[in-house]
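Quick note on labels: first sequence line is chain A, next is B, and so on, each numbered from 1.
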There are 2 protein chains.
Amino acid sequence: MFSKACEYGIKATIYIAVKSMHQERVSLKEIAEEVNSPVAFTAKILQSLAKSGIIDSHKGPTGGFQIEESNIDAIKLYDIVNAIDGEKIFVGCGLGLEQCDASQPCPVHDKFVGIRDNLKIMLQNTSLYELATGLDIGLTHLKR
Amino acid sequence: MFSKACEYGIKATIYIAVKSMHQERVSLKEIAEEVNSPVAFTAKILQSLAKSGIIDSHKGPTGGFQIEESNIDAIKLYDIVNAIDGEKIFVGCGLGLEQCDASQPCPVHDKFVGIRDNLKIMLQNTSLYELATGLDIGLTHLKR
DNA sequence: TTTATTTAGGATAAATTTGTCCGAAATAAG
DNA sequence: CTTATTTCGGACAAATTTATCCTAAATAAA
Ligand code: FES
Ligand code: FES
């Protein structure tokens with residue numbers, strides 16, 4: 001469904017959000033530990049999320065990653081997935097035709113579009129805030 | 001969403017079904033052309049589908065692939081996806097946790113399970129027969 | 001029986017994704 | 001200013017997926 005990079009990116013962003021809601025910046029190392037992801041690979045992903053403007057990064061001692069608290073509710077799961085995996089999952093043909101086009105549909109078009117749109121809507125309606133809150137109160141988990 | 005192998009496999013199977021409904025066997029070469037897929041790679045996929053019992057293969061002149069006509073309605077899209085990509089897409093965690101478990105859920109669990117289950121149900125309810133019929137009457141297309 | 005045709009299957013290669021390493025740049029603190 | 005810490009960014013490596021090549025095996029027909 002999502003790439004590994006995207007899975008790590010989502011988990012990392014949620015963890016950063018939790019810390020940010022407690023006015024704490026968090027280091028790459030801590031993130032990778034909490035999210036159970038390879039450190040250097042996670043660094044790349046966070047770098048790209050920072051460039052996308054979803055998270056903020058600061059170098060040097062006391063540096064690390066954070067998310068402006070006022071943004072946490074506005075950031076949707078959709079934004080993270082779109083930033084890392086791109087929009088292909090939201091607009092691409094289920095059978096890999098170069099273009100998904102209702103006027104020239106593939107055999108699964110009608111049935112696939114519904115699922116694809118539901119996924120998109122779900123991601124657009126899911127805020128980083130609610131995901132972070134669930135984690136913060138111990139309702140959900142980032143590793144097992 | 002699906003792997004390339006799965007996309008090719010679905011398209012190939014639908015094409016074979018159409019031909020089988022007209023009592024025709026079809027060669028690898030023809031399939032790859034109609035499906036716009038690499039010949040040798042398609043061969044591997046068809047080989048595995050044959051081993052899974054979804055399609056039948058015959059060697060030699062006049063050989064090729066076919067599907068027993070009485071099975072075309074019983075075969076579901078789910079069977080093809082499951083044979084090629086496995087069940088991970090139907091039971092796996094959206095964030096890649098080793099196990100999707102409602103008693104130890106990841107942050108997206110509740111929202112993800114709905115999408116995942118809808119996909120599964122859709123695939124289970126979609127027969128090869130209806131996909132092949134749509135293609136046969138020119139309503140849908142395997143390439144553009 | 002010989003030949004032509006077609007799938008089976010193993011080895012290999014290319015492309016992509018995932019993951020590592022290391023020096024550079026920024027920056028906080030002594 | 002110096003040092004320690006942390007992210008940045010490029011090069012590189014490993015793993016996986018996608019794709020190719022070639023020979024073997026089966027088999028239909030001359
Ligand atoms: S054309 Fe294939 S999903 Fe729309
Ligand atoms: S635990 Fe992640 S989807 Fe169920």
Any B:Tyr8 side-chain nitrogen or oxygen under 4.0 Å from OP1 or OP2 of D:dT18: no
Nucleotide nearest B:Lys4 (side chain, heavy atoms from C-beta), chosen from C:dG19, D:dC8, D:dA19: D:dA19
Given DNA chain C, 5'-ward residue of the pair A:Thr62 and A:Phe2, judged by closest heavy atom: A:Phe2
ILVMFWY cluster, A:Tyr129 and A:Ile121 together (side-chain gap under 4.5 Å): no
Atom pairs under 3.5 Å: protein N/O with N/O of nucleotides 13-15 of chain C:
none

Enclosure of A:Glu87 CD (heavy-atom neighbours >12, cutoff 6.0 Å): no
Atom CD of B:Glu98 with >12 non-hydrogen neighbours under 6.0 angstrom: no
Can you check the [X] [atom1] to [N] [atom2] distance for me, whole Å?
{"X": "B:Arg25", "N": "D:dA26", "atom1": "CZ", "atom2": "C1'", "value": "12 Å"}
{"X": "B:Leu28", "N": "C:dA8", "atom1": "CG", "atom2": "P", "value": "9 Å"}
{"X": "B:Lys29", "N": "C:dA4", "atom1": "NZ", "atom2": "C1'", "value": "14 Å"}

Qualifying salt bridge (Lys or Arg N to Asp or Glu O under 4.0 Å) pairs with a residue from residues 32-47 of chain B, counting only residues at least two apart or across chains: none
Pairs where residues 48-57 of chain A contributes a residue and the test salt bridge (Lys or Arg N to Asp or Glu O under 4.0 Å) is met, not counting sequence neighbours: none
Atom pairs and distances, donor-acceptor, side-chain atoms in residues 103-113 of chain A, under 3.5 Å, two or more places apart:
residue	atom	partner	partner atom	Å
A:Ser103	OG	A:Asp101	OD1	2.9
A:Ser103	OG	A:Asp101	OD2	3.1
A:Lys111	NZ	B:Thr126	OG1	3.3
A:Lys111	NZ	B:Glu130	OE1	3.2

Partner residues of A:Tyr8 under the ring-ring contact (aromatic ring centres under 6.0 Å, His included) criterion, sequence neighbours left out: A:Phe41
Nearest atoms (heavy-atom pairs only) where B:Arg116 meets B:Cys100: NH1-SG, 3.3 Å
Positions of residues 30-60 of chain B (non-hydrogen atom under 4.0 Å from DNA chain C), listed by number: B:Lys44, B:Gln47, B:Lys51, B:Ser57, B:His58, B:Lys59, B:Gly60
